> 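Dropping the structure in here first, questions after.
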Amino acid sequence: MLSRHTAALLRSATRMGTRSMSVATKAEIDSFGGHVFKGKVADEYLMAAGLPSGTLESEWTKDPAAADKVAHAVLNWAVDNGATSFCHWFQPMASSGVRHGLSGQVQNAFFKFDSDGTAIWDLKGKDLLAGETDGSSYPNGGLRATHTAGGYLKIDPTSNIWLRGDTIFIPACFVSYYGYALDEKTPLLRSVDALNREGKRLMSLLGWDIPGLQTNIGLEQEIFLIPREAYLGRPDLQLTGRTVIGKDAPRGQEMCDHYMAPPSTTSPALQCMAEIQRQCFQLGIPLRTRHREVAPNQYEFAPLFGSVTTQIDQNVIVMQIIEEVAPEFGLAALLQEKPFNNVNGSGKHNNWSVATTDGVNLLNVKQVNEASGNDMMFPIVMSAIVSGVDKHGDLMRCAIASPGNDFRLGACEAPPAIVSTYLGDDMTDYLASFKDGSDAPYSPGLKELDLGVECLGTLTVPAEDRNRTSPFPYGGHRFEFRAVGSSQNVSLVNTVLNTLTAEAFGEFSDAIEGGAAPRDVAAKALNEHWKVIFNGDNYDEDNQQMLTDRGVWRIDSGVDAICTLSSEKNIDLFSKMKVFAPEECKARQTALVDHYVGTVEMEALCMIDMLNQHVIPSVKACEGGTLAELEKAVTTIEHSLAAVHAEEDEQKKGNLARTLRLETMVELRDVVDQAEGETPASEWTLPSYNDLLFLDQNHDPLA
């Protein structure tokens with residue numbers, strides 16, 4: 001007999017995918033970015049307002065007269081495109097997994113009415129440049145209070161104004177009355193400034209004058225798409241984004257049959273993904289790649305590379321679009337890192353590189369050596385980054401300590417919580433020779449594969465393979481921070497990478513200005529920090545112990561990792577680089593611990609409700625044998641949660657929550673999942689993993 005939820009899914013099949021597939025047409029692709037105020041789109045309106053083309057590339061935000069003209073141009077563009085409202089769009093901290101869109105905004109109309117009711121359209125430069133809102137009701141770690149509640153917004157000119165629906169969105173930074181960062185973007189921009197400042201200084205000392213430095217990233221966004229009817233029957237998925245209980249389905253990912261399989265044209269997932277891409281193209285988001293991922297119902301999008309601020313803004317927008325488009329196709333999108341037990345979770349690989357503002361990639365040996373005329377430029381840059389990773393692996397671990405990553409790190413889908421870097425044998429040998437005095441150039445090897453088919457010829461491949469087990473592998477022209485969680489705003493991740501690199505560049509500059517030879521400075525750094533380089537299998541437990549014994553940063557607890565933000569070393573780093581004040585480090589730590597504890601509390605309360613309202617009644621109805629254990633489980637969770645509430649020490653409170661989540665609730669889940677397996681499907685009132693995870697099999701296009 002079918003479970004009531006399987007039957008409901010079949011009844012609702014006609015509602016799933018009733019919307020026809022809406023692909024981006026050639027005309028829409030040719031008008032890529034038409035809803036973004038930049039380039040040719042902006043220049044038309046800027047010139048009509050009396051400004052030259054390219055104004056947005058200047059320091060127009062510092063000129064009130066120019067700002068008024070830009071505002072006039074923005075208003076005309078907005079009205080011509082059907083917009084009636086505007087907002088400053090900012091990114092509060094501690095939002096992952098809970099805040100829709102990961103952003104904050106107050107939408108205001110462009111117009112007001114005069115005494116006879118006539119609409120007067122108006123947007124002044126001061127309205128565009130800055131705003132004010134209540135800052136006390138966002139996560140702030142104690143930087144704001146209800147009686148000192150002001151929050152202030154300032155336009156971010158490094159990112160683009162964009163339009164969606166009837167509203168234009170003005171990317172902005174969000175700070176307190178005293179200038180403390182209340183958001184993700186402000187520290188990121190400070191870290192970009194630090195890297196630019198220290199990078200230009202070092203390059204100049206090495207004989208290369210550059211216009212500026214920036215970081216470029218590419219973000220791979222993994223998600224799950226599940227039947228919305230089943231999602232609506234699961235309180236845990238609705239309120240926390242993951243299943244806190246649920247028996248494994250007979251089929252998972254063990255056959256490797258889902259990874260990069262063709263998306264089915266008969267299920268709504270492909271239609272949904274095409275519509276997501278279409279909307280992103282309008283906003284100038286180059287969401288180029290889509291494919292199935294490893295787990296059933298898991299998918300991935302990936303864009304082209306871009307500047308760090310633009311890419312992060314666009315990723316935040318993409319996440320919101322994904323969540324909003326999915327219901328149009330009878331689906332729910334899950335962005336949480338580990339929605340389902342015993343199948344892969346979702347990540348957001350952060351591909352990171354450093355480049356000059358005129359396009360020379362410092363991690364591309366040929367580009368940087370040719371542009372600088374200095375064959376030592378590349379190994380010196382690499383040496384600085386290696387030293388920064390070794391010194392500040394604790395902060396890299398902190399930056400990925402999102403609640404959902406508790407269940408990913410160290411499993412087969414993500415590297416362990418030991419922060420080493422993979423360089424590959426060729427790069428490692430090159431840097432070893434460099435630090436020992438060799439002038440031999442870096443020449444990455446290639447090899448020819450004979451496929452055994454005459455008509456195919458040979459295939460040329462890199463000598464270095466991909467190391468998916470490393471947290472921070474060098475992939476040729478970039479590093480890939482593989483352990484980032486799918487629900488995260490990656491601003492803190494890139495703030496940390498930028499800052500540790502800026503500090504290393506600064507320390508190299510200090511030594512060179514003190515009379516040391518650049519090569520000697522780089523060689524000394526490599527010798528001191530060589531232990532962080534590891535090209536082997538990070539999943540192997542013997543290797544993990546070896547790295548731990550070496551002194552490579554290992555912090556298993558996400559809570560303990562978060563609490564490194566207030567260590568003396570890290571406060572000194574951020575203060576020296578002018579990225580976080582000491583008060584901001586401590587406040588951000590508090591906000592992130594509170595976010596972790598709050599997430600666990602929601603999951604625990606969901607588990608209690610699901611036991612009381614679904615599991616126990618179902619087991620009673622069929623006179624199951626686990627009833628006493630289930631009733632005891634409710635009491636156990638309640639007592640553990642009470643202990644979390646009673647603890648006043650921040651770090652202890654966080655670790656009590658972590659124990660509740662990773663030990664107590666996991667053990668009790670086994671009891672619940674056993675009960676599900678013993679209960680007739682007709683009596684089980686919650687959608688099962690069978691209902692949730694197999695869209696291709698559950699969706700009937702002919703229903």
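Numbers here simply count residues along the sequence, with the first being 1. Below, all heavy atoms of this structure are taken into account, side chains as well, without hydrogens, waters or symmetry copies. Since the model is a prediction, treat every value here as computed from it, not as a measurement.
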> Would Arg661 and Tyr596 count as a cation-pi pair here, with the cationic atom under 6.0 angstrom from the ring centre and within 45° of the axis?
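Yes, Arg661 sits over the ring of Tyr596.
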> Please check if any side-chain donor atom of Asn405 sits under 3.5 Å from a side-chain acceptor atom of Arg408, or the reverse.
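Looking only at side-chain atoms, Arg408 and Asn405 do form a donor-acceptor pair, the distance falling under 3.5 Å.
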> Would you please say whether a donor-acceptor pair under 3.5 Å links the side chains of Asn489 and Glu184?
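The answer is no; no qualifying pair exists.
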> Consider only side-chain N and O atoms of Glu650 and Thr590, and report whether a donor and an acceptor are under 3.5 Å apart.
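A pair is found: one side chain offers a donor N or O, the other an acceptor, under 3.5 Å apart.
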> Taking the inter-plane angle between the rings of Tyr689 and Phe340 on a 0 to 90° scale, is it parallel (under 30°), tilted (30 to 60°) or perpendicular (over 60°)?
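Answer is perpendicular, since the angle exceeds 60°.
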> Check the side chains of Asp560 and Gln651 for a donor-acceptor pair under 3.5 angstrom, ignoring hydrogens and angles.
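The answer is yes; a qualifying pair exists.
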> With no hydrogens and no angle check, just 3.5 Å: does a side-chain donor-acceptor pair link Asn315 and Lys348?
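The criterion, which ignores hydrogens and geometry beyond distance, is satisfied for Lys348 and Asn315.
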> Can you tell if the side chain of Met610 reaches within under 4.5 Å of the side chain of Leu686, non-hydrogen atoms only?
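Yes - at least one pair of side-chain heavy atoms lies under 4.5 Å apart.
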> Please list, chain by chain and in numerical order, all residues satisfying salt bridge (Lys or Arg N to Asp or Glu O under 4.0 Å) with Arg234, sequence neighbours excluded.
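Salt bridge (Lys or Arg N to Asp or Glu O under 4.0 Å) list for Arg234, sorted by chain: Asp236.
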> Between Gln253 and Asn344, do the side chains contain an N or O donor and an N or O acceptor separated by less than 3.5 Å?
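The criterion, which ignores hydrogens and geometry beyond distance, is satisfied for Asn344 and Gln253.
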> Going by side-chain hydrogen bond (donor to acceptor under 3.5 Å, both in side chains), name the pairs with one or both residues in residues 561-574, residues two or more places apart or in two chains.
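Of all non-adjacent pairs touching residues 561-574, those that pass side-chain hydrogen bond (donor to acceptor under 3.5 Å, both in side chains) are His392-Lys569, Asp394-Lys569, Asp394-Asn570, Ser566-Gln589, Ser567-Asn570.
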> Do NZ/NE/NH1/NH2 and the carboxylate oxygens of Glu503 and Lys391 come within less than 4.0 Å?
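Judged by the 4.0 Å cut-off on N to carboxylate O distance, Glu503 and Lys391 do form a salt bridge.
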> Any side-chain donor-acceptor pair under 3.5 Å between Glu324 and Gln320?
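A donor-acceptor contact under 3.5 Å links the two side chains.
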> So which heavy atom on Ala333 is nearest to which on Ile322, and how close?
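Nearest heavy atoms, Ala333 then Ile322: CB-CG2, 3.5 Å.
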> What I want to find out is whether Arg468 reaches Glu480 closely enough, with some N-O distance under 4.0 Å, to be called a salt bridge.
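Judged by the 4.0 Å cut-off on N to carboxylate O distance, Arg468 and Glu480 do not form a salt bridge.
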> Working to the nearest 0.5 angstrom, can you tell me the gap between Met577 CE and Thr495 OG1?
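So the gap between those two atoms works out to 14.0 Å.
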> Okay, side chain of Trp553, backbone of Asp390: is any donor-acceptor separation there less than 3.5 Å?
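Yes, Trp553 side chain to Asp390 backbone: donor-acceptor pair under 3.5 Å.
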> Regarding Asn494 and Gln311, do their side chains bring together a donor and an acceptor under 3.5 Å, going by distance alone?
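Side chains of Asn494 and Gln311: no pair found under 3.5 Å.
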> Take Arg144 and Ser176, measure what side chain to side chain donor-acceptor pair (under 3.5 Å) needs, and give me the verdict at the end.
CA-CA 7 Å; Arg144 307 302 304 132; Ser176 75; 4.7 Å; no
> Salt-bridge test for Glu648 and Lys653: reply yes if a basic N is under 4.0 Å from a carboxylate O, no otherwise.
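No.
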> Within the 3.5 Å criterion, strictly below it, is a donor on Glu323 or His100 matched to an acceptor on the partner's side chain?
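Side chains of Glu323 and His100: pair found under 3.5 Å.
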> If we count only N and O atoms by modelled type, under 3.5 Å, do the side chains of Thr501 and Asn498 hold a donor and an acceptor together?
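Looking only at side-chain atoms, Asn498 and Thr501 do not form any donor-acceptor pair under 3.5 Å.
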> With the threshold set at 4.0 Å, does a side-chain nitrogen-carboxylate oxygen contact exist between Asp556 and Arg554?
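Counted as a salt bridge, because a side-chain N and a carboxylate O are separated by less than 4.0 Å.
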> Under a 3.5 Å cutoff, is there a donor and acceptor pairing between the side chains of Gln105 and Gln107?
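Yes, side-chain donor-acceptor contact under 3.5 Å.
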> For the pair Trp352 and Phe472, name the ring-plane relationship: parallel under 30°, tilted 30 to 60°, perpendicular over 60°.
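Ring orientation of Trp352 relative to Phe472: tilted.
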> Hey, which of Ile616, Thr626, Val619, Ile245 is the one that makes side chain to side chain contact (heavy atoms under 4.5 Å, CB included) with Val672?
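Exactly one candidate clears the test, Ile245.
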> Please determine which of Glu222, Gln336, Gln221, Gln298 meets the side chain to side chain donor-acceptor pair (under 3.5 Å) test together with Ser346.
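That would be Gln298.
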